[in-house]
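Convention: sequence-line order gives letters A, B, ...; per-chain numbering from 1. The figures here come from the full heavy-atom set of this structure, side chains too, leaving out hydrogens, waters and symmetry mates. Predicted model, so just to flag it, every value in this text is computed and none were measured.
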There are 2 protein chains.
Amino acid sequence: MQKSLSVYDSDGSTFVPLVVIELVSETKEEAIAWLLNRVRDKQQDGGAELLVEQLTPGAQGTEKDNPNVYVVGASWQRLLYGAEDVGFFKEFNDGSMRGFTYANKHNFKEFQGDGDGFLSMAECQYIIKHELDNLRAKDEAHVPGYPKMKLYPGKSVIRRMQSKGILVQVFPLHEKEELKRLSFSWFKKIKLSFQPLDDIRHYFGEGMALYFGFLEYFTLALIPMALIGIPYYLFDWEDYDKFTVFAGFNLVWCTVILELWKRLSASLAYGWGTLSRKKAFEEPRPGFHGVLGVNPVTGRAEPLYSNAKRQLRIYLVSVPFVLLCLYLSLYVMMIYFDMEGWALMIHDEEPTLWTGLLLFIPSIIYAVVIEIMNLIYRYAAEFLTGWENHRLESTFQNHLVLKVLVFNFFNCFASLFYIAFVMQDMVLLRQSLATLLITSQILNQIMEAFLPYWLQRRRNKKAHKRMIKTMEDKELPLSEQVKLEADMSTYLGTFDDYLELFLLFGYVSLFSCVYPLAAVLVVLNNVTEVYSDAFKMCKVFKRPFSEPAANIGVWQLAFEAMSVIAVVTNCALIGMSPQVKSYFPESETQLIMWVVGFEHFLLASKFILTFVIPDVPKHIQIKLSRLEFESLEALKKRVIPKNNMKGLQGE
Amino acid sequence: MQKSLSVYDSDGSTFVPLVVIELVSETKEEAIAWLLNRVRDKQQDGGAELLVEQLTPGAQGTEKDNPNVYVVGASWQRLLYGAEDVGFFKEFNDGSMRGFTYANKHNFKEFQGDGDGFLSMAECQYIIKHELDNLRAKDEAHVPGYPKMKLYPGKSVIRRMQSKGILVQVFPLHEKEELKRLSFSWFKKIKLSFQPLDDIRHYFGEGMALYFGFLEYFTLALIPMALIGIPYYLFDWEDYDKFTVFAGFNLVWCTVILELWKRLSASLAYGWGTLSRKKAFEEPRPGFHGVLGVNPVTGRAEPLYSNAKRQLRIYLVSVPFVLLCLYLSLYVMMIYFDMEGWALMIHDEEPTLWTGLLLFIPSIIYAVVIEIMNLIYRYAAEFLTGWENHRLESTFQNHLVLKVLVFNFFNCFASLFYIAFVMQDMVLLRQSLATLLITSQILNQIMEAFLPYWLQRRRNKKAHKRMIKTMEDKELPLSEQVKLEADMSTYLGTFDDYLELFLLFGYVSLFSCVYPLAAVLVVLNNVTEVYSDAFKMCKVFKRPFSEPAANIGVWQLAFEAMSVIAVVTNCALIGMSPQVKSYFPESETQLIMWVVGFEHFLLASKFILTFVIPDVPKHIQIKLSRLEFESLEALKKRVIPKNNMKGLQGE
């Protein structure tokens, strides 16, 4: 961890600034003083026991700059205790991964001296975020100075101030040196090589590293499909016998790669110590509210919210809302096809330049409406999922992902399904598929990386014209660095990146037997995607807080669901092809029976394959069992005096 | 636990006889002496530290009686340590279930005084069986007196003597008083009531109690289906609209009841303390052999066997063998249908009494051949599964069950499938279904309970004519009781009972829309099944060793697979019905598309339903998480001195 930048604490001791808190400039003094005190207070008094200092404006500070910017750090000891609190797993002396404890710290492999360098800066920042998020109101009725900003015991202070708008943002600081090294090994080298996943994890955390790992794995896994697809394109093989073979290979391949990814991700997560972290002991997410009670698992005080109420909200409000939106989306699609038919009719009647232009209007309107619907839906989904009041961040994410996923799937693929199975126009299907795939790839790359970068550069030019040059230099005063980073865009999580991969996977797998070149296009896209995503993480966005993740979560399920749907669509496409139809000249019924039989056989094979391939590699299973065995043995060995149950519950 | 029967130990102290070991009468003295010493030896010397005495022949003992019958017991303290070894979970003072430890014994709810009555007799017997099974050879090269009976370090002594034929049997003793009480509350009462599951578990163990629990649950769950099915039979509703409704209800119902059973069984297993027992720490099964090594999870010495070799044996030998047998079974079925067609033809040509009788011959031959095939296959499956050399008894059972299941499914249902989908003869299907269902029920009840009972009574009459009366009295000398029980048939496990239920479930669900009365017949059968199974457990068989089980294991999967197959068959049957066909007079294709669409919708709903209903009820999930949380906390709290790793590994 870099120690070059440091600020002086109020005691006069220095500390490394890790996280920045920005309050609005007109915040009342008493609220600031109260917040800082709470952050500095000892843990037994309900504080976070962190170090926090106001950022002193640098030499080039202007009047316009917000004075209420604070940097937060912590002593090494506090961070180590924090690592125990959040349940980090680290490599033990015997090579296994164990939950870190302060008491046993010397038995961990990388712990040397006083523990400097044991935790990565990303981990330290995660700990500080965790402690800040869990800074909860005691008996204050409201934030001092703001009688309307109600508090109740157990409410997260930071969250309340954020939702009421006093707190602008909390973000972790970049490390210039580390970032430079990471950028070099990641995307500045010309040499073709694997991504430095461990370094990415070290700098951005496990969630991000798993995303990049999955992106790389997915790209490599598509290469065989792409290689097989190329001759189909080159030699114009329209032979459906060959397409059937291709589709069959694809379906088995999709299942196998998804299963193998589970194993690979388990290996990665074990090495990073996130595989063994237990979900049930996650702290409630900051936005979670409820009546203060006692968590039945940990025995700690925290807000509780009735599960029945949550279920009611999900099934009576969220599910009907999603279904309604899907219906709307289908309705809009039908209007689009009607409009297109109508435009075609006008053009056929009177083929002039004007009616020729009219042909494009339905597509443009449809594209715009879809974008607007996606945007509105996204907000609605976030609001609804927040309102469902999930206890854990992970379940919140899962519910949000599911909602957005289903809608996006409909919006992207409904028209293709309509063309394939209602209009049964294979030429139009191939054409639409190619157009959609290529345009969406180009648009994505622009929207995702180049647009934010360009916007940021423009902003920088305006605000810090003089700094553009110094920014590239290595030594920049802390206050300038904080100001620069505070103005960068905020990275909103891997959600959109996964969604993009998911839709690409859909283009590859759903209609693979009609357009074998799709895999080639997706591989090419992914190669540039790695670079543009890496670039945007390092250069465009604020550093995101690291998120300990053991797997890609609900996305695994989403990809698996897609591969099941792909079996159905591909079998249907094969059944509809004239070549296959010609095998059953007299009886269409027999053709369908054969296709349905083949589809059931494929589905059953998929299921059996999923069942037979273990999700976690054997050697990791053994290590996990050993940990579990030892923790049970440890529990056995604890002798508890009779009638003294507090020892068990209070810890 | 009864204390009325006791024998004197060699020290002169008394102990309660729990388990009987019978050796062949001509066993060499030195082998017996060696075995008894090993059983009595202290644990640190590699012994089992149990109490064992030769059974003194009673007053009525004759010359013919085998003198080498030994009764085994243990001191209370030894049993309590054993309970810790096998990992029993017991109710703690705070109402949660915790792994029993000798050190914490006073904190367990039912532990009073010196622990008398804390363990049920079934549990004590299980502990003794566990200790006997784990009595392993040290440096002996062979059993003393038998140079050909090779031993190697780590080989189970009891297993070797059993496989070489010196050891006739090891079985637990009945408790007359307990058994009388249990029989009364279970099947002798006339009053209709639920089965005393806790008492059954107390006497026979969790595996048996779960079987009876499932049998009862399954029967109750079928009652709604039976009630809906009755009017179809009474009013001769041939209307396929109604059948479609009935089939739809059945399919959803099957999914729901199987999901709810998981929750119920989790509740039962939690209360019995088997839900938290960890599979990975199971000791290897006695028949498991390999090279002595160190278990990577527990660090204990035990035989190891390469997983790759086992996989090779499974996929290169077992799977092809099973597939070959399935092919054979289909082949035999085709011969049967050919023969039947041939017999019909002869009868049609020349309808005399003789050719009329000829009509029955194919069925008889087929039935006999199927029985023979089942028998041979069963032996082959047991041999193959043993040869696969599974480490755990549970995986051994799972592989055996899967093998036998698939074959039995084919044998029972292949002819029905053929009639339904190839011959498309619904009248014959209904007829065959009814015949198969009723005859198999009657045959089963006879084969299962009445035949063994009758055989046993006959044997008893011959051998112990004088005892028939005294057996009914309460006080019977120990030697007589042992002799009587040694001659009873051995119960071979719940396998055949589950298999019977599974096939009945198949009759109910696979073709439910053709024969709605099936559910009524199965409910009636199950009611008598409860009584006949209870009767055979209490009166016909030797007491079986209890088996700690957390769920019905692979049977859950089997029932779920059956309900998936049922969706396919029922949809196909609905599609083939003339009433449904008449909705699509011009296009058969459209009909099939609708049916296939409906089937996919049902399958997707089933999948979502399985996903949405949690497998373990919330309150039990919380208790399990708490235990896990506490054991992790306990592990954290252990301070290990630096560079002293033995403390972690050696315990």
How close do B:I592 and A:M593 get, heavy atom to heavy atom, and via which atoms?
->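 For B:I592 and A:M593, the tightest heavy-atom pair comes out as CD1-SD, 4.2 Å.
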
Can you tell me which portion of [X] sits under 4.5 Å from chain B's heavy atoms? Options are side chain, backbone, both or neither.
| X | answer |
| --- | --- |
| A:F108 | neither |
| A:F421 | neither |
| A:H619 | neither |

Interchain contact, B:V564 with chain A, by part (heavy-atom threshold 4.5 Å) =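 Neither part, no heavy atoms under 4.5 Å.
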
Does the side chain of B:F611 reach to within under 4.5 Å of the side chain of A:L557, using non-hydrogen atoms?
->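 Contact flag for B:F611/A:L557 side chains = yes.
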
Is the number of heavy atoms from other residues, nucleotides or ligands within 6.0 Å of NZ (B:K309) greater than 12?
->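 12 or below, so no.
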
Among A:L603, A:I622, A:N307, residue most engaged with chain B (heavy-atom pairs, under 4.5 Å) =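 The answer is A:I622.
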
Residue, of A:E599, A:K623, A:K618, that accumulates the most heavy atom pairs under 4.5 Å with chain B |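 The residue among A:E599, A:K623, A:K618 with the greatest pair count is A:E599.
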
